[in-house]
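Along the sequence shown, residues are numbered consecutively beginning with 1.
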Amino acid sequence: MPTVPPGSTVLVTGANSFIGMWVVRELLEKGYRVRGVVRSPHKASFIQETFTAHGDKLEMTVIEDLAKGGAFDEAIRGVSAVEHIASPVTPYTDDPQAVEGAIGILQSALKSKSESLKRIVITSSIAAIHVLNHTSEQIILSETDWNDEAVRLVEEKGKDASGVTKYEASKTLAERAAWSFLDKHKHEVGWDLVCLHPSYVYGPCMHDVKMPSDLNTNPGFTDDRCWADVRDVANAHALALEKPEAGGERILICAGPSVWQEWFDVANTLFPPGTSRWKFPRSEPGRKITYMIQYDTSKASRIFGIKYRTMKETITDSLADFQRRGW
């Protein structure tokens, strides 16, 4: 039996985000009731208009400051699960909101003394697993790894640390704080915790964007990072509610490693030079790709059984979305 079965009410923070919108859609289509949290009435209206066909199965709550003490106290009442997606995405900030937001939602859950709440899913990131400045030897990363190096560098350099390092440190600290909070209060609550670790997330958009510059940034675009389609990430969020064995786990969501040229090569097969307004770099003849970082995704396969979309599917649907928007 699912830990949180369809028909239950799920609180989704960051409901208007790139991942959040797809999670809301996935949950509604699976029969869940959704209470979405956004920071402004305009964002709430956009989501309600997008999912108007689902009627009263979707309700919206506006919380302007997610880091404020007690911000989620009212919103969490009566729900059976939480999908905590809201977090700063840009790496160019010293805002500790990622840490405070993660603890804030757990504090509200603790104060609620809810009997209906069964599971909280926090959207962490590959940034909390990834290692900085790895050696020239090939390595394999899994959920057992922590990005403590980023934390050390921020402690050492302070404001002089790079934006990417600050971002990765904040994700690491936020997740560690969440697990520590649960360990401290585990005998006081009736819910468990799941931390999902999406990699670089790509795919078509559902959220409110008017131009490409409105899209969220991925901090420090580099090669050798794992990736996943946003629709598969949304599916993982829904499965994290359903699967009892997901409780208490960190789970990496990754379709595989990639380098940028692979994406360009696939795009060039779909839109050969001269057939569209887009121009993508061409591969050097005979170039071989070596992934210096591999990812052990066996836990997600065992618990969720996700069949990830291919790079070609993701690029095809993403560029079709761009064309539809006139970009």
Side-chain angles (χ1 to χ4, degrees), residues 17-19 21-22 89-92 125-127 129-141 162-165 167-168 171 197-207 209-236 252-297 300 306-327:
S17 65
F18 178 44
I19 294 176
M21 287 288 288
W22 282 103
V89 181
T90 172
Y92 311 111
S125 168
I126 187 65
I129 290 175
H130 182 252
V131 293
L132 296 172
N133 303 318
H134 65 281
T135 67
S136 58
E137 296 181 357
Q138 290 180 299
I139 61 174
I140 299 176
L141 296 179
S162 72
V164 173
T165 302
Y167 172 82
E168 296 193 344
K171 300 301 286 188
H197 294 262
S199 43
Y200 278 39
V201 182
Y202 309 123
C205 300
M206 286 193 69
H207 60 310
V209 286
K210 301 294 190 296
M211 58 190 68
S213 60
D214 293 335
L215 294 172
N216 288 338
T217 59
N218 262 325
F221 281 129
T222 63
D223 281 342
D224 260 6
R225 293 295 181 97
C226 60
W227 71 278
D229 189 290
V230 66
R231 294 161 292 185
D232 296 330
V233 172
N235 185 29
L252 177 59
I253 309 301
C254 168
S258 70
V259 298
W260 278 121
Q261 191 57 52
E262 288 181 275
W263 293 88
F264 297 142
D265 290 345
V266 173
N268 277 320
T269 65
L270 297 171
F271 298 94
T275 64
S276 78
R277 63 180 176 278
W278 296 311
K279 295 181 180 180
F280 305 105
R282 307 288 293 180
S283 279
E284 298 175 9
R287 181 193 180 194
K288 293 184 178 179
I289 297 173
T290 300
Y291 302 116
M292 298 309 295
I293 304 177
Q294 299 278 357
Y295 302 88
D296 180 356
T297 58
I306 296 175
K307 186 180 186 305
Y308 291 100
R309 286 170 172 80
T310 64
M311 191 178 288
K312 182 177 180 179
E313 289 176 297
T314 298
I315 293 176
T316 298
D317 294 345
S318 297
L319 293 180
D321 183 42
F322 271 45
Q323 286 182 317
R324 179 180 63 81
R325 296 171 183 270
W327 293 348

Set of ring pair (Phe, Tyr, Trp, His ring centres under 6.0 Å) partners for Y308, sequence neighbours left out: none
With side-chain contact (heavy atoms from CB on, under 4.5 Å) as the criterion, how do R282 and N268 come out once you've worked through the C-alpha distance, each side chain's angles and the decisive distance to 0.1 Å? CA-CA 8 Å; R282 307 288 293 180; N268 277 320; 3.3 Å; yes
Considering residues at least two apart in sequence or located in another chain, which fulfil the salt bridge (charged side-chain N to carboxylate O under 4.0 Å, His left out) criterion with D321? R324, R325
Can you name the residues that form a ring pair (Phe, Tyr, Trp, His ring centres under 6.0 Å) with W22, not counting sequence neighbours? none
Listed partners of D317 passing salt bridge (charged side-chain N to carboxylate O under 4.0 Å, His left out), at least two apart: R231
Tell me, please, which residues at least two apart from N235 pass side-chain contact (heavy atoms from CB on, under 4.5 Å). E26, K30, L239, I306
Taking only residues two or more places apart in sequence or in another chain, which ones pass side-chain contact (heavy atoms from CB on, under 4.5 Å) with T269? V266
Heavy-atom closest pair, residues S258 and W263: OG-NE1, 3.2 Å
side-chain contact (heavy atoms from CB on, under 4.5 Å) with S125: which residues, sequence neighbours excluded? A127, Y167, K171
Taken in chain and number order and not counting sequence neighbours, the residues that satisfy side chain to side chain donor-acceptor pair (under 3.5 Å) with T165 are S162
Those residues at least two apart in sequence (or on a different chain) that pass ring pair (Phe, Tyr, Trp, His ring centres under 6.0 Å) with F264 are none
Mind checking side chain to side chain donor-acceptor pair (under 3.5 Å) for E313 and listing every partner two or more places apart, or none if nothing turns up? T310
In terms of ring plane angle, is the pair W278 and F271 parallel, tilted or perpendicular, where the classes change at 30° and 60°? perpendicular
